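Working notes for the structure below.
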Amino acid sequence: MNKNMKTIQVAEATYAQTGESTKLNEFGMREMQAKAFEKRNAQYLLLKAPPASGKSRALMFLALDKLTNQGIKKVIVSVPEKSIGGSFDETNLTNSGFFSDWKPNDNYNLCTPGLDNAKGKVEAFKNFMDNEEKILICTHATLRFACEQIEDAKFNNVLVAIDEFHHVSADKESSILGRVLHGIMTNSNAHIVAMTGSYFRGDGVAVLLPQDEAKFQKVTYNYYQQLNGYTYLKTLGIGYNFYQGKYTSAISEVLDTNKKTILHIPNVNSGESTKDKLNEVDLILDIIGEIDHQDRDTGIIYVKRDIDGKILKVANLVDDSVDRDKISNYLRTMRKEDDMDIIIALGMAKEGFDWPYCEHALTVGYRSSLTEIIQIIGRCTRDSSNKTHAQFTNLIAQPDAKDGEVKVSVNNMLKAITCSLLMEQVMAPHYNFKPRFPNDDTSFTPGEIKVNGFKAPSTDRVREIIESDINDLKASILQDDQMIKALPGNVDPEVINKVMIPKIIQMKYPDLTDIEVEEVRQHVVVDSVIKNGEIKEVGDKKFVRMAGQFVNIEDLNIDLIDRINPFQEAFEILSKSVTSSVLKVIQDTIDASRIEMTPEEVKILWPKAKEFTIQAGRKPEISSSDPLEKRLAEAILYLKKIKAEQIQN
């Protein structure tokens, strides 16, 4: 049933291998770390940088400077889970040119076995706040529990560093960590360093309240800067495979045991799960080959591969009945390429997990959180001499009309594709967009694109959003339920760009004026269309491919760009890769949950409906198989309904 499945490569990026992002300056800092250190005097610093960019060491540089030069007395480093605490172990920095080494006291590393709310850990935290020790490392949970017994004012002259900051939520009713942070910021002079690879949450809730976020200076180092500056990694691919039946019958088609792989099986509560996670692991091991033995000291499973008898090392992080601390310790201390071949995980081996040799992140089932997807992809994007290509593959259930959960399957498929759309945007080169004025004959500047009718940022607030928040804003757009229904081409592109996207911007940034919303909107749309396209040089001319046609880059104008669905190409790839019957199931499911017509959309569609009538010699038909024609017909019906209501009144 699942034989000869093909991976649908939705996005693939190629990088220049410049080596810049891993090169060290005279203080031993990588490019991102030096950029963060320039802002070392900020009381509140938000560091947004991708996995493997060196955020942990960046914090060490910042913290030591604050302890030595800025009057800070203590540093608290808080991480989401105990295993990540190892990223902040003792580190020699002076050998590379910095003025001090990072030397935490092991007695105040609370990322040790045992409950996060254990009395001993909370007491150790309280003792730390009253003694002469300088550095404490703990989990988010331990920080929360300790703060229940500590006054906010105790954090005066303390640096609180929160790793994987997207775990915080502005909803103080549901997020204790968010409430703790807000209290510390409000009632003390504490310094805050917040670090994250993805400043958005799967539930769509804001990470910080606007008034709190406005206090932070931001350092943004994007995915493209990181990957383009690697030495070895040349390409990164984002792909999907669709299966029918049980995923365990399809896994052999996508699991390449020649590649270092992290395989994440589905959550037991998801539709893709068989509800027996241990049996799923056994089936996967059986697909790989025959178990030779399991090392009792490390917990690592040695499997003899069927095809050639090669022994592969496999880590099972799914079975929590075994001594996972032994396995985790082995994974944490791996140093050689041959130390591991395949890791099978469920909830572990995501954020903060470091395995540079990983080539393939294979994930089964839809993941609702864009943050989780980015964290998983980050496991295979470390730079390493054993690979020039890294691949993320998502194995997803193919919608079946006979399935009672077909709507869920279609929604999961569409949401999975939107994740790939965001990653395609994140991985693409950065461009600076400027207005093109009449008689502008200046030559093309690398990284700069001029657009006729484009509105340049008029305020610092708009510039800040464009420079620091653009990918987070795109994440909000792509997570919007109405937008997900519209992206496959069921709604006119101008409606998407001029009606739907501005509404999302207004919701995310309620402080913006209408002029500022329009400036942000134009940047989001232009940036998305260009990054989804392709720039080619022919002679002394440059062309950009948009909506299947090449346009001279000098002829770009905002009206032309507004007529393009910035995210449709991925769905066109999908439509060519699944059977016509599956495509019909997808379309029928989308049609069954129509987007409500609004006056703003009708205003855009009415001229198009009149133009259609003239060109086709007939009115748009509500029964048309063309979703755009059907939408035009719905706009006409909407207008008739409004007129009828006006006559009645």
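No experiment lies behind these values; they were computed from the predicted model shown.
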Distance-only donor-acceptor hits, side chain of residues 336-343, under 3.5 Å, sequence neighbours excluded:
residue: Asp339; atom: OD2; partner: Arg335; partner atom: N; Å: 3.0
residue: Asp339; atom: OD2; partner: Lys336; partner atom: N; Å: 2.9
residue: Asp341; atom: OD1; partner: Lys260; partner atom: NZ; Å: 3.0
residue: Asp341; atom: OD2; partner: Lys313; partner atom: N; Å: 2.8

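Within the structure, salt bridge (Lys or Arg N to Asp or Glu O under 4.0 Å) contacts touching residues 264-289 (residues at least two apart or in different chains) are Lys277-Asp320. The salt bridge (Lys or Arg N to Asp or Glu O under 4.0 Å) analysis of residues 298-312, with sequence neighbours excluded, yields the pairs Arg305-Asp308.
A parallel orientation is assigned to the rings of Tyr302 and His293, their planes being inclined by less than 30° (bins at 30° and 60°).
For the pair Ser528 (side chain) and Val524 (backbone), a donor-acceptor distance under 3.5 Å is present. A distance-only check finds no donor-acceptor pair linking the side chain of Glu494 to the backbone of Arg563 [under 3.5 Å]. For Ser468 (side chain) and Thr220 (main-chain N/O), no donor-acceptor pair under 3.5 Å exists by modelled atom type. In this structure, Lys55 contributes its side chain and Ala49 its backbone to a donor-acceptor pair below 3.5 Å. Counting only distance, with no hydrogens or angles, the side chain of Tyr230 and the backbone of Thr381 share a donor-acceptor pair below 3.5 Å.
Taking the side-chain hydrogen bond (donor to acceptor under 3.5 Å, both in side chains) definition, one finds that Arg521 meets it with Glu518, Asp562, sequence neighbours left out. Under the side-chain hydrogen bond (donor to acceptor under 3.5 Å, both in side chains) criterion, Lys503 pairs with no residue, sequence neighbours left out. Under the rule for a side-chain hydrogen bond (donor to acceptor under 3.5 Å, both in side chains), the partners of Thr235 that lie at least two apart in sequence or sit in another chain are His389. For the side chain to side chain contact (heavy atoms under 4.5 Å, CB included) test, residues two or more places apart in sequence or in another chain that qualify with Arg332 are Ser83, Ser328, Asn329. Annotation: side-chain hydrogen bond (donor to acceptor under 3.5 Å, both in side chains) contacts of Ser624 (sequence neighbours excluded): Glu629. Every residue was checked against the ring pair (Phe, Tyr, Trp, His ring centres under 6.0 Å) condition with Phe543, not counting sequence neighbours, and none meets it. Applying the salt bridge (charged side-chain N to carboxylate O under 4.0 Å, His left out) criterion to Glu20, with sequence neighbours excluded, gives Lys23. By the salt bridge (charged side-chain N to carboxylate O under 4.0 Å, His left out) test, Asp383 is found to be paired with no residue, residues two or more places apart in sequence or in another chain being considered. Residues that satisfy the side chain to side chain contact (heavy atoms under 4.5 Å, CB included) test with Ser384, not counting sequence neighbours, are Pro356, Tyr357, Asn386, Lys387.
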Kindly indicate, with the supporting measurements, whether the criterion ring pair (Phe, Tyr, Trp, His ring centres under 6.0 Å) is fulfilled by His430 and Tyr224. CA-CA 8 Å; His430 173 74; Tyr224 183 80; 9.3 Å; no
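Rounded to the nearest 0.5 angstrom, Leu312 CG and Ile291 CD1 are separated by 12.0 Å. If you take CD1 on Ile265 and CG on Leu346, they are separated by 4.5 Å, rounding to the nearest 0.5 Å. Here the CD-OG distance, from Gln226 to Ser53, works out to 5.0 Å after rounding to the nearest 0.5 Å.
When the shell of 6.0 Å around OH of Tyr232 is examined, it contains 12 or fewer heavy atoms from other residues, nucleotides or ligands. Within 6.0 Å of NZ in Lys531 there are more than 12 heavy atoms belonging to other residues, nucleotides or ligands.
Applying side chain to side chain donor-acceptor pair (under 3.5 Å) to Asp469 and the options Lys474, Lys508, Lys48 leaves one that passes, Lys48.
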